[in-house]
Amino acid sequence: MAGQKSNEMWGGRFAEGPDAIMRAINASIGFDRRLASQDIAGSLAHVDMLGATGIVDKADAKQIKAGLETVLREIQSGDFSFSEALEDIHMNVEARLRDLIGPAAGRLHTARSRNDQVATDFRLWVRDQLDGADAAITALMQALLGQAEKGVDWVMPGFTHLQSAQPVTWGHHMMAYVEMFSRDLGRIRDARRRMNESPLGAAALAGTSFPIDRDMTAKALGFDRPCANSLDAVSDRDFALEFLSVSSICAMHLSRLSEELVIWSTAQFRFVRLSDRFSTGSSIMPQKKNPDAAELIRAKIGRIMGANVALMIVMKGLALTYSKDMQEDKEPVFDAADNLFLALAAMTGMVNDMTAVPETLKAAAGAGFATATDLADWLVREKGLAFRDAHHVTGALVALAETKDCALHELTLSDMQSVNDEIDEGVYSVLSVENSVASRMSYGGTAPEQVRFQIKRWKEILEQ
């Protein structure tokens with residue numbers, strides 16, 4: 001009776017009792033099969049080194065290498081049968097290798113452990129993701145440059161607090177995101193440089209007594225050098241955390257751009273038209289065109305940042321070196337990478353396809369007394385007022401325009417002189433949005449000339 005209750009407690013999925021549960025919680029092959037190509041690459045480098053150093057007979061090394069290449073082909077073609085009973089990708093590959101070449105397969109694991117093996121596999125995989133993110137962010141930056149070049153002269157509102165602040169140009173706004181994503185690119189390249197050390201040869205935790213050549217395996221796998229401390233090599237996952245960290249920041253930038261596209265594509269703004277390829281309709285309202293791709297990108301930050309927090313919590317309480325907790329390192333990283341690449345691809349497609357509406361941008365650019373700062377600057381520059389006094393005069397003129405329900409440039413000269421009698425006809429030269437943006441010639445400003453300079457600079461950088 002007790003045994004029956006025990007099985008009921010485990011449930012139908014674990015009808016065999018605790019043994020089935022232990023197999024399920026211990027096995028990682030359901031997700032770490034994604035490391036297959038990296039695992040075999042590491043094994044190929046290892047066996048080449050074992051043969052070169054004489055640790056393994058050259059004939060056995062040659063046989064092992066041929067068997068590994070066969071296993072890789074089987075996995076790539078979908079003909080490989082993964083077994084949960086063999087726990088992980090390493091044991092699955094080794095078991096199949098033994099089927100193919102017999103006892104010689106057992107020599108492959110000489111002078112290494114699953115600890116340094118998985119650390120090597122995971123580093124190789126994360127490095128591949130960093131390289132992929134480098135290419136994906138570069139493509140997005142090029143799409144943004146294309147949009148900036150189209151609208152280098154188009155005026156639009158610049159916002160603070162989502163309130164119209166000062167006129168800027170469409171090109172300038174697009175280039176703001178080029179700068180943001182360029183820093184993401186820099187962080188990715190910096191992270192890659194820092195993580196590019198080989199754990200292979202650290203063995204379980206203390207190194208090995210075999211006369212291995214760690215420089216040889218590091219070079220074969222494209223690492224800059226071997227990890228200098230065997231304990232550190234197998235026990236830390238900061239390279240994965242750094243990937244998640246830079247991914248979170250990049251996803252945050254994607255989310256901000258997504259939010260703007262959501263707002264800009266509404267009927268209330270009509271700043272941009274998103275293509276049908278990245279929009280959906282409504283099941284009940286035929287007039288609707290929903291920016292679903294942008295909204296989904298905006299949500300990805302939750303999953304990516306969540307992965308960062310999850311892995312940080314897994315690692316925070318672990319004494320050196322390896323603990324089974326670290327099996328939980330891969331799934332959040334895999335999920336974050338998948339979502340980052342999907343978000344980058346979708347955003348690049350949206351940016352390439354979207355159409356800005358210059359006439360709507362221009363109409364909105366002058367709303368909310370957007371050239372008020374230009375008026376204050378003119379009073380300082382042309383009439384010698386202290387900026388605080390100019391600010392006060394401008395505020396009074398804005399209030400006057402509000403009572404008259406008109407724009408600043410629609411006030412008559414006599415209206416303006418009723419506030420400050422030094423104002424003359426020259427003031428109208430700064431009240432147009434075109435003149436406002438053209439005057440912002442400081443380095444990094446919104447003047448079209450400055451924006452063209454930055455576009456040219458970034459084109460040259462990305463071409464390199």
Side-chain angles (χ1 to χ4, degrees), residues 28-42 45 72 75-76 88-90 116-142 180-200 218 220-224 227 233 236-255 296-297 299-312 314-315 326-349:
S28 60
I29 190 60
F31 53 85
D32 71 10
R33 65 179 66 186
R34 292 181 66 161
L35 300 175
S37 62
Q38 289 82 11
D39 188 70
I40 291 174
L72 180 60
I75 292 172
Q76 290 173 338
D88 57 32
I89 186 61
H90 325 299
D116 64 333
Q117 188 178 359
V118 69
T120 302
D121 293 0
F122 201 22
R123 276 190 191 242
L124 289 170
W125 191 89
V126 170
R127 190 178 70 186
D128 288 344
Q129 308 318 298
L130 289 167
D131 290 342
D134 189 310
I137 292 173
T138 299
L140 176 54
M141 290 173 67
Q142 288 168 334
M180 291 183 205
F181 289 116
S182 77
R183 292 191 294 276
D184 293 326
L185 193 58
R187 279 183 281 268
I188 281 166
R189 291 175 178 178
D190 190 47
R192 191 194 193 283
R193 175 191 58 78
R194 191 165 20 257
M195 62 86 69
N196 202 35
E197 297 181 346
S198 174
L200 195 57
L221 293 170
F223 289 112
D224 295 329
C227 295
D236 208 353
R237 294 295 185 267
D238 58 353
F239 62 91
L241 283 165
E242 194 163 8
F243 169 68
L244 292 175
S245 177
V246 300
S247 297
S248 295
I249 298 172
C250 182
M252 177 270 293
H253 287 146
L254 289 167
S255 181
L296 289 166
I297 293 170
K300 295 297 184 187
I301 179 68
R303 290 177 70 167
I304 295 169
M305 187 175 287
N308 192 20
V309 173
L311 182 54
M312 190 76 77
V314 166
M315 297 300 299
M326 291 167 68
Q327 183 169 293
E328 293 296 310
D329 59 356
K330 295 169 199 67
E331 284 184 286
V333 180
F334 292 162
D335 184 72
D338 289 346
N339 282 283
L340 177 66
F341 287 121
L342 183 57
L344 283 166
M347 182 58 77
T348 302

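What's counted below: heavy atoms across the whole structure, side chains too, no hydrogens, waters or symmetry copies.
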Asker: Look up atom CZ in Phe31 and atom CD1 in Ile89, then write down how far apart they are to the nearest 0.5 Å.
Answerer: 11.5 Å

Asker: So does Leu241 get a backbone contact from the side chain of Ser245, meaning a donor-acceptor N/O pair under 3.5 Å?
Answerer: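 Flag not set: sc Ser245 to bb Leu241 has no pair under 3.5 Å.
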
Asker: Is there a side-chain contact (heavy atoms from CB on, under 4.5 Å) between Phe223 and Arg127? Walk through the geometry before answering.
Answerer: CA-CA 10 Å; Phe223 289 112; Arg127 190 178 70 186; 3.7 Å; yes

Asker: A side-chain contact here means heavy atoms from C-beta on lying under 4.5 Å apart; do Lys300 and Leu340 qualify?
Answerer: no

Asker: To the nearest 0.5 Å, what is the distance between CG on Asp131 and CZ on Arg189?
Answerer: 10.0 Å

Asker: Let's go through Asp121 and Lys330 carefully: what are the C-alpha distance in whole Å and the side-chain angles of both, what is the deciding distance for salt bridge (Lys or Arg N to Asp or Glu O under 4.0 Å) to 0.1 Å, and is it a yes or a no?
Answerer: CA-CA 11 Å; Asp121 293 0; Lys330 295 169 199 67; over 6 Å; no

Asker: Drop me the distance from Ser247's OG to Met305's CE, to the nearest 0.5 angstrom.
Answerer: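 Answer for the OG-CE pair, Ser247 versus Met305, is 11.0 Å.
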
Asker: Check side-chain hydrogen bond (donor to acceptor under 3.5 Å, both in side chains) between Gln129 and all other residues, then give those that pass, not counting sequence neighbours.
Answerer: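 For Gln129 there are no side-chain hydrogen bond (donor to acceptor under 3.5 Å, both in side chains) partners, ignoring immediate neighbours.
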
Asker: Within the structure provided, determine whether Glu197 and Arg123 are in side-chain contact (heavy-atom separation under 4.5 Å).
Answerer: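 Heavy-atom side-chain distance check passes, below 4.5 Å.
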
Asker: Report yes if some heavy atom in the side chain of Leu254 is under 4.5 Å from a heavy atom in the side chain of Phe181; otherwise report no.
Answerer: yes

Asker: Test Val126 against Met195 for side-chain contact (heavy atoms from CB on, under 4.5 Å), laying out the working first.
Answerer: CA-CA 9 Å; Val126 170; Met195 62 86 69; 4.1 Å; yes

Asker: Verify side-chain contact (heavy atoms from CB on, under 4.5 Å) between Leu140 and His253, making sure each step is shown before the conclusion.
Answerer: CA-CA 12 Å; Leu140 176 54; His253 287 146; over 6 Å; no

Asker: Taking the side chain as everything from C-beta on, heavy atoms only, tell me whether Phe334 gets closer than 4.5 Å to Leu35.
Answerer: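 With C-beta onward as the side chain, the pair touches.
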
Asker: Dump the intermediate steps for side-chain contact (heavy atoms from CB on, under 4.5 Å) on Cys250 and Leu344, then the final yes or no.
Answerer: CA-CA 9 Å; Cys250 182; Leu344 283 166; 4.1 Å; yes

Asker: Is there a side-chain contact between Val314 and Asp329 (heavy atoms, below 4.5 Å)?
Answerer: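 Sidechains of Asp329 and Val314: no contact.
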
Asker: Under 4.5 Å between any side-chain heavy atoms of Arg34 and Asp338, yes or no?
Answerer: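 They are in contact (side-chain heavy atoms under 4.5 Å apart), so the answer is yes.
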
Asker: Quick one, Asp184 and Val246 - any side-chain contact, counting heavy atoms below 4.5 Å?
Answerer: no

Asker: Got Asp32 and Phe122 here, is their nearest side-chain heavy-atom distance under 4.5 Å?
Answerer: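 Contact flag for Asp32/Phe122 side chains = no.
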
Asker: Rounded to the nearest 0.5 Å, what's the gap from CD on Gln38 to CG on Leu221? Could you check?
Answerer: 10.5 Å

Asker: Distance alone, cut at 3.5 Å: any donor-acceptor contact between the side chains of Gln327 and Asp88?
Answerer: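 Judged by distance alone, the side chains do not pair up.
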
Asker: Without swapping roles, check the side chain of Asp190 against the backbone of Gly186 for a donor-acceptor pair under 3.5 Å.
Answerer: no

